[in-house]
Amino acid sequence: MLFIMVLVLRRSALFCHLSFILFPGHHECGKEDGTRAMLLQIKGNLFVIAFVSYFGAKLHRPRLIGAGCLIMAMGSFITAAPHFFQGLYKYETTISHFSASNGTESILPCLTNGSLAQDEIPTVEIQAECEKAASSSLWLYVFLGNMLRGVGETPVMPLGLSYLDDFSRAENTALYMALIQTMGIMGPMFGFMLGSFCAKLYVDIGAVDLDTITINHKDSRWVGAWWLGFLFTGGVMLLAGIPFWFLPKSLPKQGETETVKKSNVVEGEQERFIPDNNKHSNAPDKPAPVSMAALAKDFLPSLKKLFSNTIYMTLIITTIIQVNGFIGLITFQPKYMEQTYGHSASRAIFLIGVSNLPALALGIVTGGFIMKKFKLNILGASKFCITASLLTFSALLVQYFLQCDNSQVAGLTVSYQGAPEVSYQQNTLISQCNMACSCSLKHWDPICATSNGLTYASPCLAGCQTSTGVGKEMVFHNCTCIGDSPFSYANMSAVLGQCPRKSDCDYMFKFYMAVTIIGSFFPACAATPGYIILLRSINPELKSLALGIYTLIVRTLGGIPPPVYFGALIDRTCLKWGSKQCGGRGACRIYDSGAFRNAFLGLIYGLYSLSYILWGVVYIRLSHREKKLALKNQLKAPEQDDNGVSAGNGNTSSATVKCSENPDQETTI
């Protein structure tokens with residue numbers, strides 16, 4: 001179990017680093033590129049997960065997991081390869097048009113001869129370079145790397161969990177599941193911390209002079225050293241897979257005699273389950289070894305048996321909807337924290353890693369402990385899941401009211417006179433104070449006027465006349481738009497970067513983090529009970545296949561769509577788009593935080609509400625089975641007494657039952 005926990009830890013760390021560094025906003029790509037990358041990340045699982053889960057249960061499971069570790073490590077190294085083949089990153093800026101080479105006072109940022117406006121038209125060289133970059137085949141490395149990583153991680157959960165469940169005591173299974181899922185949460189915590197560290201390092205670190213870079217890690221144009229994380233996690237994954245090559249194919253079952261141990265080695269998977277309603281199910285207790293051809297022939301009938309289990313299918317649909325909400329929340333939460341509370345993406349990732357994820361881990365352990373302590377049956381586990389879900393929704397509702405004002409950007413969220421005025425039109429960036437300048441409206445080069453606290457989209461749009469210094473130390477002087485404010489300011493200078501938020505926003509952010517910690521704890525408490533319900537609702541010989549199909553469907557329908565439609569909805573709240581090198585629309589630079597909140601949290605509320613309704617359906621179905629089981633036991637008790645059977649054996653409402661005589665009998669844990 002220790003080796004499985006270590007592997008899940010490292011696999012989760014790699015996935016988290018992949019999701020938060022390469023995909024959702026730390027690179028200069030558009031929504032379409034992020035969507036393509038997200039699709040590639042999942043696609044490797046889709047080809048093999050069902051077959052690995054079905055056939056792998058009959059083979060040497062630990063060695064299959066070890067081989068998966070090797071494949072994942074190779075995929076990580078290949079994913080990082082494009083960094084070493086592509087050129088240096090060129091961020092969007094206008095400062096190069098008027099920066100001085102000697103570090104003293106430069107030429108006028110506010111150009112009146114129109115030369116800057118002419119620069120908006122890309123030259124032939126820039127256009128050719130842009131087209132070459134657009135047709136680059138380096139994305140194939142990312143494609144291949146993520147395909148291999150998806151294939152390699154396939155055996156970990158279905159085969160690892162079934163291997164553990166086969167050779168552990170029934171009362172210990174919930175606790176073991178909780179510990180493994182906790183490691184699955186600790187992995188993302190390390191992944192978040194690794195991602196936060198890499199996000200603060202410039203992507204071309206070691207290849208450029210950092211003193212000449214005019215942006216920092218708080219800027220939306222910043223690209224972190226994403227490739228470092230893949231090299232590190234790939235190496236650790238390679239080492240984590242070594243112990244699995246030395247584990248035996250079967251282990252002695254905990255707490256049984258030698259005779260039963262030998263019997264369980266042949267049996268393969270334990271018989272603690274709620275049988276489905278398929279009346280054609282006639283699987284023997286101890287199936288004889290069969291050939292691969294026979295296994296392949298039985299694959300489709302096994303799928304039919306699995307999909308005829310109504311509780312299993314309802315749980316899958318419920319999980320898909322909940323995972324949609326969770327993936328949307330966790331993917332765009334750093335962006336939400338950045339736009340609403342003014343924190344950098346790297347800091348947001350770090351705070352999520354050190355606060356929310358430990359709460360998730362504690363919640364998973366707590367759920368497993370409650371299951372073991374109070375010996376909850378399936379009906380009790382479903383009640384527990386519904387209660388935890390309602391508490392989670394309450395915490396999410398509180399987040400809606402913890403809101404800060406928009407960042408004050410002249411021409412976008414406030415007027416040039418400082419009055420609140422949200423505008424989605426680019427022409428509002430032009431005012432009387434900068435009308436004489438030939439300013440580009442496409443570029444985003446924010447500067448902060450320390451005297452009035454307003455951010456201006458570029459030095460030119462602030463009407464700045466001169467600048468001094470180089471790199472991050474550049475200061476702009478005689479900015480006419482600063483003097484255009486209702487109050488007279490003696491200091492008409494500005495520095496690079498956006499202005500910080502008001503002090504009360506930091507106070508509100510502390511409340512937000514406290515609520516998110518609580519909101520992370522409650523859903524995690526329901527993770528282990530939900531998994532136990534899933535395991536006990538399927539036939540034992542279909543356990544590995546059921547887990548594989550469950551993982552396949554949930555990752556496909558729960559993991560792939562959310563970044564697409566969440567991103568499309570959030571993009572509608574963008575106030576200022578950046579521009580690509582060839583002139584096309586780039587990434588969003590600033591959002592309307594109020595509209596962002598409505599779209600982001602509103603969609604999560606809708607998804608979670610629907611999942612809670614389905615949890616009610618699951619509970620009703622389980623309650624119906626419980627009543628049906630109690631009625632069968634009452635009818636069977638007199639018959640057992642006549643045959644000399646102990647009446648105590650008929651009380652199975654909260655015990656594990658073997659159903660070899662009657663496969664259609666319903667039972668609980």
Roughly how far, to the nearest 0.5 Å, is the [atom2] atom of [Y] from the [atom1] atom of [X]?
X	Y	atom1	atom2	value
Thr318	Leu534	OG1	CG	11.0 Å
Leu391	Ile386	CG	CD1	12.0 Å
Ile517	Ser355	CD1	OG	4.5 Å
Lys218	Lys200	NZ	NZ	9.0 Å
Ile352	Ile330	CD1	CD1	5.5 Å
Leu461	His443	CG	NE2	11.5 Å

Neighbour count above 12 (heavy atom, 6.0 Å) for [X] [atom1]:
X	atom1	answer
Phe350	CZ	no
Phe369	CZ	no
Asn216	CG	yes
Lys472	NZ	yes
Tyr565	OH	yes
Met193	CE	no

query = Among all residues two or more places apart in sequence or in another chain, which pass the salt bridge (Lys or Arg N to Asp or Glu O under 4.0 Å) test with Asp219?
reply =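 Arg221.
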Given the rule in the side chain to side chain contact (heavy atoms under 4.5 Å, CB included) test, do Phe566 and Leu329 qualify, once you have shown the distances and angles that lead to the verdict?
-> CA-CA 9 Å; Phe566 266 85; Leu329 172 64; over 6 Å; no
Is the ring pair [X]/[Y] parallel, tilted or perpendicular, if the boundaries are 30 and 60 degrees?
X	Y	answer
Tyr336	Tyr512	tilted
Tyr591	Phe596	perpendicular
His217	Trp222	perpendicular

Any side-chain heavy-atom pair from [X] and [Y] closer than 4.5 angstrom?
X	Y	result
Met371	Ile532	yes
Val409	Val414	no
Ser382	Ile533	yes
Ser344	Glu338	no
Met337	Phe509	yes
Ser407	Thr413	no
Pro563	Ile327	yes
Glu626	Asn377	yes

Backbone N or O of [Y] within a donor-acceptor pair of the [X] side chain at under 3.5 Å?
X	Y	answer
Asp445	Gly497	no
Thr455	Cys499	yes
Thr556	Ile553	no
Thr428	Tyr424	no
Tyr612	Ser389	yes
Trp227	Val203	yes
Asp592	Leu575	no

Could you check Met513 against Asn356 for side chain to side chain contact (heavy atoms under 4.5 Å, CB included), going step by step and ending with a plain yes or no? CA-CA 8 Å; Met513 290 303 301; Asn356 291 25; 3.8 Å; yes
Pairs under 3.5 angstrom only: tabulate donor-acceptor contacts from the side chains of residues 393-402 to other protein residues two or more places apart or in another chain.
from: Ser394; atom 1: OG; to: Leu390; atom 2: O; distance (Å): 3.1
from: Tyr400; atom 1: OH; to: Asn598; atom 2: OD1; distance (Å): 2.8

Contact summary for [X] and [Y], nearest pair of heavy atoms:
X	Y	result
Ile590	Cys588	O-SG, 3.3 Å
Arg572	Ala568	CG-O, 3.5 Å
Gln322	Tyr608	O-CE1, 3.6 Å
Phe600	Gln333	CZ-N, 4.1 Å
Asp405	Arg501	O-NH1, 3.0 Å
Pro446	Gln498	CB-CG, 3.9 Å

Got a sec, which residues hit side chain to side chain contact (heavy atoms under 4.5 Å, CB included) with Gln426, two or more places apart in sequence or on another chain?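 Leu429, Lys576.
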Indicate whether the side chain of [X] and that of [Y] have a donor and an acceptor atom separated by less than 3.5 Å.
X	Y	value
Thr340	Arg597	no
Thr319	Tyr550	yes
Asn406	Ser593	yes

Can you list, pair by pair, the side-chain donor-acceptor contacts under 3.5 Å of residues 520-527, counting residues two or more places apart and other chains?
from: Ser520; atom 1: OG; to: Thr516; atom 2: O; distance (Å): 2.8

Legend entry - Qualifying disulfide bond (SG atoms under 2.5 Å apart) pairs with a residue from residues 365-396, counting only residues at least two apart or across chains: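 Those involving residues 365-396 do not exist here.
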Practice problem: Run the numbers on Ile482 and Tyr416 for side chain to side chain contact (heavy atoms under 4.5 Å, CB included), then give the verdict. | Solution: CA-CA 8 Å; Ile482 298 178; Tyr416 277 85; over 6 Å; no
Verdict with reasoning, Thr310 to Arg621, per side chain to side chain contact (heavy atoms under 4.5 Å, CB included) | CA-CA 9 Å; Thr310 55; Arg621 180 62 180 167; 3.2 Å; yes
TODO: Applying side-chain hydrogen bond (donor to acceptor under 3.5 Å, both in side chains), name anything that partners Arg347, two or more places apart in sequence or on another chain.
DONE: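 Listed in chain order: His343.
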- Message: Name the residue from Val617, Leu622, Ile620 that meets the side-chain contact (heavy atoms from CB on, under 4.5 Å) definition with Thr314.
- Response: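 In the set Val617, Leu622, Ile620, the residue that makes a side-chain contact (heavy atoms from CB on, under 4.5 Å) with Thr314 is Val617.
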